[in-house]
Number of protein chains: 2
Amino acid sequence: MKILVVDDDPRLRDLVSITLERAGYQVVTARDGQMALTHAMRETPDLVVLDVGLPELDGLEVCRKLRARSDVPILFLTARDDEIDRILGLELGADDYVTKPFSPRELVARIKAILKRSSARGTATVLRYGPVELDAAGHSVRVDGAALALTATELSILRQLMQTPEAIVSRPQLIDAIYGAGSAVADRTLDSHLRNLRRKLAEQGWGSAIETVHGIGLRMGTWPG
Amino acid sequence: MKILVVDDDPRLRDLVSITLERAGYQVVTARDGQMALTHAMRETPDLVVLDVGLPELDGLEVCRKLRARSDVPILFLTARDDEIDRILGLELGADDYVTKPFSPRELVARIKAILKRSSARGTATVLRYGPVELDAAGHSVRVDGAALALTATELSILRQLMQTPEAIVSRPQLIDAIYGAGSAVADRTLDSHLRNLRRKLAEQGWGSAIETVHGIGLRMGTWPG
DNA sequence: AGCTCCCTGCACAAATTCTGCACAACCCAT
DNA sequence: ATGGGTTGTGCAGAATTTGTGCAGGGAGCT
């Protein structure tokens, strides 16, 4: 989980960073609104901790601009109570706020709560094609409801194929996607995994799910039924 | 609502006591760290007001010890600004702090805020999955109602896993979450704790609660029944 | 000081998965 | 039909990942 921390006060920035890093998050910092927007685009954080009282482009403005292009959860840091009213009044789509001074524990608790909510919202990690269901987070695959025990590599192959159903994926593409690009694994190796994967699918009665297109590549088949 | 006030200065103790009593709280006092711990155990206060600069066992130490067995909210009283850094930096789990000199009104306001928050957090501190119940506040775990004696690390692991049931948590993620990020604990160490945790679960008949997904991580299992 | 409990991590064993060779089977254009 | 290129299969050693026995060190309690 990556978190973008935006505050102009270096001490507070450090405090928050250290706290969050201890809590197991990856942290990126920005010291003003402009930088915040740049980083938000480039780093695609999972959450933004945003100070309201930024110089120049203030926090509320940054929030509005962020919301224009992303649904990233936002947690505001506010110094004074009257700032809270502005946040609430403006309905900017902030997810929560914490008033300074705050305790690290509190901050982490709030962040966890937000992330939990937003991950509950976005259960879109499940790929589905025909009777095959692939849950990336749980590393689990079900066929007609029955769980399939796949190894990491097998699952990786299946995911690639399911990401573009009905489209043909070439072998080099697959290999690049599974191992990094420019890896030197033999073509036969891919075949081995492919075989195991097919065998496991076949045990559930879907042996023909992955079809070979000779000389071109592989694809998650056009479903028979 | 019962509040424990810990300070070695009798005048300040009285001031705080009277202020709080006027605000409608029941007050218990202690003049040193040792006494504070004793009272905290016996009286189970709803909040502790703790002076940082105590003789002998200092406030930070008291806080740490309290945290070892309870989640009671803690409000620090600090004399100097540099003490604040220590509180925040150490991430002891304090909920707020007030610098001396402070106004009685300020103190009461902070206390109200903390109590409000902690009651709002309220009953959501219990994680449950299958027959396993984890009560973060009480540091206790029950399986089919039977209490399980877990060490701090074991509990930490279990909590991480239960926070995202059915999802896989990688070993690095677990290690980052339990110790700070970027810590250098051996992989085997995690295994050791894991083994102990599993053994204890097995004694209650749920040895398979935590399953291993080879090469990926661990997960709080898909429940058998 | 002595005792207990917990954390940490080494050395080794066990389990699981990955890789790729040798060869057979297959597809398609000529 | 035939030959060259492509894909599937049996198999086994290599490599990685995970589990276990065990022990030293340190914190806390009496």
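Computed from heavy atoms alone, side chains included, the values below leave out hydrogens, waters and symmetry copies. Chain A is the first sequence line, chain B the second, and so forth, proteins listed ahead of strands; every chain is numbered from 1.
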What nucleotide among C:dT16, C:dG9, C:dG20 has an atom nearest to a side-chain atom of B:His214?
C:dT16

Does B:Tyr179 place a side-chain N or O at less than 4.0 Å from the phosphate oxygens OP1/OP2 of C:dC7?
no

Rounding to a whole Å, what distance do you find between A:Leu194:CG and D:dT7:P?
11 Å

Residue-phosphate contact under 4.0 Å: A:Thr153 side-chain N/O, C:dC18 OP1/OP2
yes

Looking only at non-hydrogen atoms, find the nearest pair between B:Thr29 and B:Leu4 and report the distance.
C-CD1, 4.2 Å

B:Lys65 side chain, from C-beta outward: closest of D:dC29, C:dG9, C:dC18:
D:dC29

Can you figure out which of C:dT8, D:dT18, C:dT19 approaches the side chain of A:His193 most closely?
C:dT19

Residue of the set B:Leu54, B:Val49, B:Leu77, B:Asp32 for which side-chain contact (heavy atoms from CB on, under 4.5 Å) holds with B:Val6
B:Leu54

Take the protein atom CD1 of B:Ile210 and the nucleotide atom P of D:dT18, then report the distance between them rounded to whole Å.
14 Å

Is the distance from OP1 or OP2 of C:dT8 to the nearest side-chain N or O of B:Thr189 less than 4.0 Å?
no

Take the protein atom CD1 of B:Ile175 and the nucleotide atom P of D:dT18, then report the distance between them rounded to whole Å.
11 Å

Ignoring backbone atoms, establish whether A:Arg199 has a side-chain N or O less than 4.0 Å from OP1 or OP2 of D:dG8.
no

Residue pair B:Met220 / B:Leu161: nearest heavy atoms and the distance that separates them
CB-O, 3.8 Å

Take atom CG of A:Asp187 and atom C1' of C:dC18, then tell me their distance rounded to the nearest Å.
16 Å

Any side-chain N or O of B:Ser192 less than 4.0 Å from the OP1 or OP2 oxygen of D:dT20?
no

Can you figure out which of C:dT17, D:dG19, C:dC7 approaches the side chain of B:Arg171 most closely?
D:dG19

From C:dC18, C:dG20, D:dT20, pick the nucleotide closest to the side chain of B:Arg195?
D:dT20

Does this structure show an ion pair linking B:Glu133 with B:Arg128, if we count only N-O contacts that are shorter than 4.0 Å?
yes

Does B:Thr212 make a side-chain N or O approach to OP1 or OP2 of D:dG19 shorter than 4.0 Å?
yes

Measure CD1/A:Ile157 against C1'/C:dC18 and give the value in whole Å, please.
11 Å

Can you say whether a donor on the side chain of B:Arg198 sits under 3.5 Å from an acceptor on the base of D:dG19, or the other way round?
no

Salt bridge (Lys or Arg N to Asp or Glu O under 4.0 Å) assessment of B:Asp187 paired with B:Arg171
CA-CA 8 Å; B:Asp187 233 40; B:Arg171 290 167 113 86; 3.5 Å; yes

In whole angstroms, the gap separating C1' of C:dT16 from NZ of A:Lys200 amounts to 10 Å

What is the distance, to the nearest angstrom, from the CG atom on A:Leu174 to the C1' atom on C:dC18?
16 Å

Can you tell me how far C1' of C:dT16 sits from CG of B:Leu218, to the nearest Å?
15 Å

